[in-house]
J.: 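Submitted below is the structure of interest, expressed as structure tokens.
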Amino acid sequence: MSATQVTPICIAGTWRPGSGAAYDSLYPATGEPVATLRAASLDDVDEAVTRADQAFRTSGWARLKAHERAAVLWRIASTIRERSEELARRQTLDNGKPIQETRALVQSAAGTFQFFAAACETLEGTLTPARGEYMTMSVHEPMGVVAAITPWNSPIASEAQKLAPALAAGNAVVIKPAEVTPLLALELARICDECGVPQGIVSVLAGAGSVIGDALVRHPLVRRVSFTGGTTTGRQIAHIAADKMMPVSLELGGKSPTIVLDDADLEHAVAGVLYGIFSSSGESCIAGSRLFVARSVREAFVELLLRRAATLRVGDPLDPRTQMGPLITARHRESVARYVELGLSEGGRLLAGGRSPDDAALARGYYFLPTVIDGLVNSDRMCQEEIFGPVLAVMDFDDERELLERANTSSYALAAGIWSRDYKRAWALGRALQAGTVWINTYKQLSVSTPFGGFKDSGLGREKGRLGILEYMQQKSLYWGLNEAPLPWAN
Ligand code: NAP
């Protein structure tokens, strides 16, 4: 693996190194550089946005017939599929996720473009009931320049979730991927170029969020921000958006409860709980990090859980058998380890993991073992703060009403899981849980056709779903006068 050449970034359709500082993007499994980049500078941000605005107004992209824009999106979907293996491998090198997961993310990105091609082609305006001598119509129009800011945990899928509907709606898009995982957003921009998106309509600016991301959000020509990331950053962006009177969507953090009722199928529940917290090494906004298990089945459940957790394959992310790869950076692994120490200092008992693996072959990577801790109460910091790593807090309960109160006692409300054979109990609990998504007898299943987003500190707005395209459009009403005579007031 070598990264001697500088990987260009995409500034309004021109491919060149940014004018900011040089940095390496590292492979989390070894710490070796995968690519060397130069970050965008503040001037690059201004150039990308100004030229995106120009391209929006003059390139004809926004004025293409919907089926013509849809055809371009279809080509993007097909190209992603044709290049899927190479893209998945590149993404694994960029962020360390196991190849099986990055293959799925690449397919998901292709599916997202295909889905929004259909949404674009079938979007209708409405003829509204007239209440006078006129005809009334409601139509939706693109907004202009959209800033799409994404985190490092699911590149290509996160970017596609913003880029596809924003392009389908006819906007220009400036993407700011996470500084540590810029490569797949850059590949997407190349694919957009190849597939006929006009020059300047898509830019990708690598660099630090506090500098480049902040400048992008504040830029007067950016008319809409779609952000995925942490709640603290999301709140800062929301303040700027309020001052600019700019619509913003915020997909933020989570601390999701998974609930195992006493009548659950324990085999299914264990598989779901393990997948919910340990897939993506827990670096997932929807990780089921707080487990509430009915006291009557607790012992059997935890015994099975620990037995299965011990067999999870932690290792080389390029090996298709690997289930858990490394964490994203050494710094993030330190943060996860500090949370484990905090949990233990709060009275927790370590049941599994809590450290890096012993395997010498993994010593250079940022690995952390699947970790299970019990003995905590829901108000402990370890149960309230997002760790974003493979750490599960196990708690038990007797009474369902009290359980509901504890599960809902969180500033976050992104997702929740319920395991029960009784559909009536599961239904009642599912409706009472505060969460944007509730899974019943499954977990972490996601579909582009179903809206996604959080309650409370987990976010504002929704992504995906057929109407997700409207998030990137502004509604306009048109009145067509049909009077034979002039309006009466003027005469
Ligand atoms: P983060 O620190 O908030 O960063 C997210 C993105 O925002 C990155 O591109 C970052 O840039 C940029 N950024 C940072 N400060 C900024 C600022 N002041 N203005 C504009 N942009 C700024 O989050 P993260 O650590 O990358 O990601 C983990 C978080 O994302 C977790 O909380 C997770 O739950 C959340 N997440 C939510 C969802 C969802 O759908 N709800 C999905 C995935 C992840 P740099 O990192 O390059 O500096």
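When a ligand or atom number is given, it counts from 1 through the structure's own listing order.
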J.: Other residues, nucleotides and ligands only: do more than 12 of their heavy atoms fall within 6.0 Å of CZ on Arg466?
T.: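 Atom CZ in Arg466 is not packed in, count stays at 12 or less.
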J.: If you measure only the distance, is there a donor-acceptor pair under 3.5 Å linking the side chains of Ser249 and Arg224?
T.: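 There is such a pair between these side chains.
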J.: Are any of the N/O atoms on Glu179, whether in the backbone or the side chain, positioned under 3.5 angstrom from an N/O atom of ligand 1?
T.: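 Yes, since at least one N or O of Glu179 sits under 3.5 Å from an N or O of ligand 1.
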J.: Heavy atoms only: which of Gly209, Ala148, Ala147, Ala178 lies closest to atom 48 (O) of ligand 1?
T.: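 Comparing heavy atoms across Gly209, Ala148, Ala147, Ala178, the nearest one to atom 48 (O) of ligand 1 lies in Gly209.
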J.: In terms of residue, atom name and distance, what is the protein heavy atom nearest to atom 38 (C) of ligand 1?
T.: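 Here the closest protein heavy atom is Cys285 SG, 3.1 Å.
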J.: If you measure every N/O of Glu386 against every N/O of ligand 1, is any gap under 3.5 Å?
T.: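 The answer is yes, given that Glu386 and ligand 1 share an N or O pair closer than 3.5 Å.
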J.: Would Ser154 count as a contact of ligand 1 if the rule is a heavy atom under 4.0 Å away?
T.: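 False for this residue.
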J.: Are any non-hydrogen protein atoms located under 4.0 Å from atom 32 (O) of ligand 1?
T.: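 Yes, there is one.
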J.: Passes side chain to side chain donor-acceptor pair (under 3.5 Å), Thr112 versus Lys464? Steps please.
T.: CA-CA 8 Å; Thr112 300; Lys464 309 201 271 192; over 6 Å; no
J.: Considering distance alone, does some N or O of Ile237 sit under 3.5 Å from an N or O of ligand 1?
T.: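 Min N/O separation from ligand 1 is not below 3.5 Å for Ile237.
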J.: For atom 9 (O) of ligand 1, find the nearest protein heavy atom and state the residue, atom name and distance (0.1 Å precision).
T.: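 The closest one turns out to be Thr150 O, 2.7 Å.
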J.: Under 3.5 Å between some N or O of ligand 1 and some N or O of Pro151?
T.: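 N/O-N/O distance below 3.5 Å does not exist for this pair.
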